[in-house]
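Below: the structure, in structure tokens.
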Amino acid sequence: MKKLITLLLLVTGLVAYAQQNPPLPVDPKVRTGKLENGLTYYIRQNNLPENRADFYIAQKVGSMQEEDNQAGLAHFLEHMAFNGTTNFPGKSMLNYLQDNGIKFGTNINAYTSFDETVYYISNIPTTNKNLVDSALLVLHDWSNAIALEEEELENERGVIREEWRTRGGAQQRLWDQLLPKMYPDSKYANRMPIGSIDVINNFKPEEIRAYYHRWYRPDLQGIIVVGDIDVDEMEQKIKELFSPIQLDEERAEREYYPVPDNKDPIVAIATDKEARNTQIMLFYKHDTMPDEFRNTQMGYITEYILNAAAAMMNQRFAEIIQKPDAPFTSAFAYDDDYFVAKTKAAWTVVAGSAEDKIESALAAMVRETERVKQHGFTASEYEVARTNILKGYEDAYNNRDKQRNSSYSQEYVRAFTDGEPIPGIEFEYQFLQAVAPNIPVEAINQTIQQLIGDENIVIAVTGPDKEGLVYPGEDALLNVLASVQAETIEPYAEEVIDEPLVATPPTPGKIIKAEKDEAMDATVWTLENGMKVILKNTDFKDDQIVMTGTSAGGYSHYGAQDPVNSRLMSNVATLGGVGNFSATDLPKVLAGKTASAHPGISLTTQDFNGSSSIRDFETMLQLVYLYFTAPRQDNDAFQSFIQRMETQLKNQEAEPMVAFSDSVSSALYGDNPLTKRIKADDLKKVNYNRIMEMYAERFSNPGSFVFTFVGNIDEEKVRPVVEQYLASLPGKAEKGEFAKIPMNFREGSFENIFQREMQNPKASVFNTITGKTTRDMKNRILMSMFDQILDIIYTEKVREEEGGTYGVYAGGSISRYPEGQTILQIMFDTDPERMKHLNQIVLNVLKEFAADGPSDSDFAKVKEYMNKSYNENLKENSYWLNILDNKYFYGEDNHTQYIETVNAITKADLRNFAKALLNQGNLKTVVMMPKVTE
């Protein structure tokens, strides 16, 4: 890394920086400090959402601080933080927060990684001073006052066991095989955060208490508070609350464990009977950037160079993948941590592969890497990458005063745990605008040449373990590496695009009618081709416009006769790009523009979704215009897509959950071909020409569409753009229709318990209650309340009291088509031996709810959360886009009277709703159990 730094100072030609290399500033809008006991804090005032704040505590402690006999304690401790503290005994913390609309799992959560553990409480209403003080007190207790009572510890063992069971699939087992091979002589080899099931089952309470007091201490903790708060007041509260926490003079050293260099390449191969895909990872390890350099202007330039290099490499990979017989099914490159280790970095290339093309895929990965090493990137490639990077910073700068709390709080977590610089977008934008144009492509190329060395190479391969499949051995893979490195590799041959997106703009049409929707504060235009255009000007983002366009029909018109082509239409129709540009050329044409527009086809609708900056609104509508008038066919891209799909679908039956999903679909829909998953054999039926014909039919009448735009919209400025690219489209005012093909749920009740071979024995349970309900605002709110309250009850009864599952999911909906078709789904994984007992609890809860309704407490929690979420959504462009699309396309007003309806609902309403649904007699239970061997 020292050699690289010296090189950078020379090749960038930035003499002033080379001589001085000034440190990066800290964003003046964030208050940072460190208490005498070593605790660090970050505080920022921010108004999005209004009257809300996020509270985080980050610990520089993870599974790497465990010894072998402690494997899993860091993660177990994270769970225990929610099971009682000094100031919040038992479940009182969660109950109190949820009483105030702070939902567990959504607003209250945590995660444990190799090197850190992070807890958060988000979207706390700051108008409630007691709640704000309580949130700080929760962070204080997580810091040094987790109770770790023996009874709670014993109860939580079951939850952790079930999390281990739920997450212990093929991916977990592949990592368990890979890490010891990828990290020889390093502690990273055996420190997966989930830990050892033996430790989870048998550790003594005093062991986790000792671990807690050893590692949870102020010098390893960071407090982050971002939101609508008074910074001075918050800083004083943090000092008063956290300063009394003592830092032991005799304390363990917090080590960051090294990853040794390797002269000869390391090869790691891992297989699993339930793995579905083959993946190859190629690492060129190098030292991490020292903190003292990372937090300087040259450090920032280095990150820019690495990002630009990755963007250019990935554009090359995208071009390769679009060709028939591509050597890999997916590929991307980046420079970051070496897999899971913070103490070593790596230039990393990751690719998906057909299982019989591992050697050719690896050869292509090495070849493209060597091509860059030997010949570098071209000036025109770099111009596209630099333009896009600078446009991203410009967009962030333009919206600098309208960023959500979470974007800052997570940034400050990384600043604390990883030493990430936080100079602020004002500095970053202005600095890169000044410096990036002076960084030549030669600086990128020489930097990459230094990173891609001949030593410190690691090759990792993962894939399915199945009869007849033989993987290339270590020698074969090393031979691929050596032989490609010895090849004569030609420079990259680039096709430069120098053509406008729309070469001949259409003659503008007219807006024939303009109306004002006072209730929604929106404008409604009727175009001469029949299209409706809805516009709502907001100030929620300073430089954002979001779009949707909807028309009725969808693939329902073809589904019964041609289910495979119908369902793949959205994937296939856009493979060729649009207008004169292929899918890989299009990003070059759009370089430096923030604009997207994508067509899609569902069962009952065809639609567009997109977004843009103010400046690039025209580009977004040009894309819409071209997708209407000039969809592009590309047979090479289609052949590549089919080959990639074949690889993806080939081994899907190896994953037990695929069989479970099939059984659930059969339980709901029977043999309906529109609901069955696409299989590898189905790809033979895919007809590209037919799909493009169907696409053209679905988008043949722009006059049937309702387009909605929400954001920073100046109507006078967008009017001529709408007239030119939307009103000019030929069409007529008619409302499209979809074909009413059978999509009904099966009636009646039944149970399907079946066995499936699996590596990690578990029972997967699915219960569904279906029926018919009037689809109106009140009933949809009732369904939402019902499933939210069930989540609370099941968390308490099945997860906490029984320790029987990591979580029970409950979700319900009432469909538009078939009209009023209603479904409540309840799913969980558990120990096969406990399945019957736990599922009986799940079903009893439903019966009790239908008989007695919800408790006062659970009812109040959900109603409070829905009120809080509603007020947060009012300042989101996406909320209003959905509201206006529903009103003007579907004729549903989901905004007016929404919160009044929520607050008018009673417990009796919920009881009656549940009772009416259950009484229709459509309960279906599907259970997948492990196959019992004789």
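The shown structure was predicted, so the numbers you read here are calculated from the model rather than taken from an experiment.
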Would the distance check show the side chain of Glu274 and the main-chain N or O of Gly169 forming a donor-acceptor pair, the cut-off being under 3.5 Å? no
Residues passing the salt bridge (Lys or Arg N to Asp or Glu O under 4.0 Å) test with Asp517, sequence neighbours excluded, are Lys887
Given the options Arg756, Arg677, Lys273, Glu653 meets salt bridge (Lys or Arg N to Asp or Glu O under 4.0 Å) only with Arg677
Minimal heavy-atom distance between Asn752 and Ser663, with the atoms involved, is ND2-CB, 4.0 Å
Separation between OG1 (Thr604) and CE (Met743), nearest 0.5 Å, reads 9.5 Å
_Just checking Glu697: does its CD atom have more than 12 heavy atoms from other residues, nucleotides or ligands closer to it than 6.0 angstrom?_
yes
Should we count CD of Glu737 as having more than 12 external heavy atoms under 6.0 Å?
no
Does either side chain, that of Arg173 or that of Asn760, offer a donor lying less than 3.5 Å from an acceptor on the other one? no
Item checked: Ring centers of Phe82, Phe104 separated by less than 6.0 Å -> yes
From the list Ile781, Ile883, Asp893, Asn903, side-chain contact (heavy atoms from CB on, under 4.5 Å) with Tyr898 holds only for Ile781
query: Around atom CD of Glu900, are there more than 12 heavy atoms of other residues, nucleotides or ligands at under 6.0 Å?
result: yes
Without swapping roles, check the side chain of Gln606 against the backbone of Ala552 for a donor-acceptor pair under 3.5 Å.
yes
Do we see a donor-acceptor contact under 3.5 Å between the side chains of Asp885 and Thr550? yes
**Message:** Tell me if a side-chain donor or acceptor on Gln920 pairs with a main-chain N or O of Asn922 at a distance below 3.5 Å.
**Reply:** no
- Any side-chain heavy atom of Lys532 within less than 4.5 Å of one from Phe889? no
Can you confirm whether Phe849 sits close enough to Arg911 that some side-chain heavy atom of one is under 4.5 Å from a side-chain heavy atom of the other? no
Distance col, row Asp791:CG vs Lys861:NZ, nearest 0.5 angstrom, shows 12.5 Å
Is it true that, when you exclude Lys915 itself, more than 12 heavy atoms of the residues, nucleotides or ligands shown sit nearer than 6.0 Å to its NZ?
no
Note to self: Ring-plane angle category for Phe608 and Phe705, please: parallel below 30°, perpendicular beyond 60°, tilted otherwise.
What the structure shows: tilted
Taking the side chain as every heavy atom from C-beta outward, state whether Leu923 and Leu843 have any pair of such atoms under 4.5 Å apart. yes
> Does the side chain of Asn689 pick up a donor-acceptor pair with the side chain of Glu693 at under 3.5 Å?
Replying inline: no
For Gly736 and Ser704, the nearest pair of non-hydrogen atoms, with its separation, is N-CB, 4.1 Å
Nearest heavy-atom contact between Asp99 and Glu864 is O-CG, 3.6 Å
Under a 4.5 Å cut-off applied to non-hydrogen side-chain atoms, are Asn651 and Glu355 in contact? yes
Here the gap from Lys924 atom NZ to Thr768 atom OG1, rounded to the nearest 0.5 Å, amounts to 7.0 Å
N/O donor-acceptor pair under 3.5 Å between Thr822 side chain and Gly820 backbone
yes
Item checked: Heavy atoms of other groups near Lys836 NZ, more than 12 under 6.0 Å -> no
- Has Glu819 got more than 12 heavy atoms of other residues, nucleotides or ligands less than 6.0 Å from its CD? no
| Side-chain donor-acceptor pair under 3.5 Å between Lys536 and Asn877, yes or no? | no
*asked:* Quiz question: by atom type and distance under 3.5 Å, do the side chains of Tyr558 and Arg690 form a donor-acceptor pair?
replied: no
| Residues Thr906 and Asp909: side-chain donor-acceptor under 3.5 angstrom | yes
### Query
Is Asp829 close to Glu162 at the side-chain level, that is, under 4.5 Å between some pair of heavy atoms?
no
I'd like to know whether NZ of Lys466 has more than 12 heavy-atom contacts from other residues, nucleotides or ligands below 6.0 angstrom.
yes
Problem - Over 12 foreign heavy atoms within 6.0 Å of CG, Asp671 - result: no
| query | Is it true that a side-chain atom of Arg698 and a backbone atom of Ser551 form a donor plus acceptor pair closer than 3.5 Å? | reply | no
When rounded to the nearest 0.5 Å, the distance separating OG of Ser815 from CG of Leu603 is 10.5 Å
* Asked: Mind checking whether Asp562 and Tyr555 have side chains closer than 4.5 Å, heavy atoms only?
  -> no
I'd like to check Thr605 versus Tyr890 (side-chain heavy atoms, cut-off strictly below 4.5 Å). Are they in contact?
yes
Leu884 and Val710 have their tightest heavy-atom pair at CD1-CG2, 4.0 Å
Of all heavy-atom pairs linking Phe913 and Thr773, the shortest is CE1-CG2, 3.9 Å
Scanning both residues in full, the closest heavy-atom pair of Pro599 with Thr574 reads CG-CG2, 3.6 Å
task: Verify whether one side chain among Lys91 and Asn83 offers a donor that lies under 3.5 Å from an acceptor in the other.
output: yes
In this structure, CD of Glu796 is separated from CD of Glu801 (nearest 0.5 Å) by 5.0 Å
So CZ of Arg834 and CD1 of Ile841: to nearest 0.5 Å the spacing works out to 7.5 Å
Practice task
Using only heavy-atom distances, determine whether the side chains of Gln171 and Asp272 contain a donor-acceptor pair under 3.5 Å.
Solution key: no
Given side chains that start at C-beta, do those of Thr329 and Gln643 come closer than 4.5 Å, heavy atoms only?
no
